[in-house]
Amino acid sequence: MGHLTGKTAIITGAGRAVLKDGSCGSIGYGIATAYAKEGANLVITGRNVKKLEDAKEELERLYGIKVLTVQADVSDGSDNEAVVKNVIDKTIETFGRIDVLINNAQASASGVTLAEHTTEQFNLAMYSGLYATFYYMKACYPYLKETKGSVINFASGAGLFGNFGQCSYAAAKEGIRGLTRVAATEWGKDGINVNIVCPLAWTAQLEQFQDAYPDAFKANVHMPPMGHYGNSELEIGRVCVQLASPDFKYMTGETITLEGGMGQRP
């Protein structure tokens with residue numbers, strides 16, 4: 001029996017991605033793997049159907065849990081509340097409950113300076129990140145209130161430190177950080193844990209950022225003092241398990257910054 005057996009977790013942006021060396025290359029998939037090992041049934045969303053189906057096949061085969069995949073893209077010009085409602089409706093239809101919401105999905109035009117940023121690029125980050133987090137939190141609230149569940153959102157050092165070439169990404173992430181703190185204040189009385197994680201993990205997206213924008217990468221991404229980047233499953237995924245574990249109720253509203261395996265609470 002795992003810590004999360006019988007629980008249902010929604011993880012956005014959890015399609016399977018791999019690094020050049022073939023290892024896990026996605027924070028969302030790393031979290032999904034950590035949750036599957038603890039017995040949770042999963043609802044994973046994303047834009048790429050093949051990545052979702054690849055994740056479902058591997059997680060169900062290896063860990064014996066049930067995975068529901070739902071293609072979902074919160075974006076400018078879409079009926080985003082309907083998009084999110086579809087995810088929630090299918091979750092309740094399949095599993096009957098929601099115990100954990102993890103808002104991990106985020107797209108952006110990282111590497112493009114503020115002066116060169118277009119409105120479309122800015123909207124890409126805001127809708128996929130901040131608006132998606134807002135819509136999912138609102139839609140999940142009644143169910144999380146019933147289960148005394150958990151919300152785990154994701155921010156970034158890009159917003160904390162003002163990274164070069166990441167204006168829209170940083171703006172979205174700082175918005176999510178503020179939203180999380182307000183929810184922690186408002187939802188604590190309902191027994192809902194609300195936390196945010198600011199990770200630094202080596203992912204396929206970071207690999208691509210390094211290849212596409214080497215100057216911005218060099219300016220922004222520095223090796224943590226422990227000498228390695230965070231592992232998507234073993235460090236970030238395990239922190240997310242801990243934050244949702246019924247055996248460990250964390251103080252809500254705190255920020256956890258993962259720097260190569262070090263968890264710090266500022």
Examine distances only and state if a side-chain atom of [X] and a backbone atom of [Y] form a donor-acceptor pair shorter than 3.5 Å.
X: Thr91; Y: Val87; result: yes
X: Lys173; Y: Phe154; result: yes
X: Asn41; Y: Thr8; result: no
X: Thr133; Y: Asn103; result: no
X: Ser75; Y: Ser78; result: no
X: Glu116; Y: Val112; result: no
X: Ser245; Y: Val241; result: no
X: Gln106; Y: Ala125; result: yes
X: Ser108; Y: Tyr169; result: no
X: Thr45; Y: Gln71; result: no

Any non-hydrogen side-chain atom of [X] less than 4.5 Å from a side-chain atom of [Y]?
X: Val84; Y: Lys138; answer: no
X: Ser150; Y: Asn195; answer: no
X: Ile31; Y: Tyr35; answer: yes
X: Lys7; Y: Thr147; answer: no

Charged N-O contact under 4.0 Å between Glu60 and Lys56: yes
Ion pair Lys50/Glu53, N-O distance below 4.0 Å: no
Reported [atom1]-to-[atom2] distance for the pair [X] and [Y], which is rounded to 0.5 angstrom:
X: Leu42; Y: Ile11; atom1: CG; atom2: CD1; result: 5.0 Å
X: Cys240; Y: Glu38; atom1: SG; atom2: CD; result: 12.5 Å
X: Ile176; Y: Ser156; atom1: CD1; atom2: OG; result: 10.0 Å
X: Met137; Y: Leu144; atom1: CE; atom2: CG; result: 9.0 Å

Derivation of the side-chain contact (heavy atoms from CB on, under 4.5 Å) call for Ile98 and Ile92: CA-CA 7 Å; Ile98 299 170; Ile92 297 303; 3.9 Å; yes
Neighbour count >12 (heavy atoms, 6.0 Å) for atom CG, Leu234: yes
Neighbour count above 12 (heavy atom, 6.0 Å) for Arg97 CZ: yes
For Lys189, all residues meeting side-chain hydrogen bond (donor to acceptor under 3.5 Å, both in side chains), sequence neighbours excluded: none
Lys51 vs Tyr29, side-chain contact (heavy atoms from CB on, under 4.5 Å): CA-CA, chis, key distance, verdict: CA-CA 10 Å; Lys51 287 183 178 181; Tyr29 189 65; over 6 Å; no
Sequence-distant partners of Tyr131, ring pair (Phe, Tyr, Trp, His ring centres under 6.0 Å), two or more places apart: Tyr127
Looking only at heavy atoms, which two atoms of [X] and [Y] are closest? And how far apart?
X: Ala139; Y: Ile88; value: CB-CG1, 3.7 Å
X: Arg47; Y: Ala107; value: NH2-CB, 3.8 Å
X: Met126; Y: Ser168; value: SD-O, 4.3 Å

Asp190 side chain to Tyr141 side chain, donor-acceptor N/O pair below 3.5 angstrom: yes
Side chains of Asn153 and Thr180, donor plus acceptor under 3.5 Å: yes
Asn193 and Leu243: CA distance, side-chain angles, deciding distance, side-chain contact (heavy atoms from CB on, under 4.5 Å) verdict: CA-CA 8 Å; Asn193 249 17; Leu243 291 175; 5.7 Å; no
Verify same cluster id: Val70, Val49 (apolar side-chain graph, 4.5 Å): no
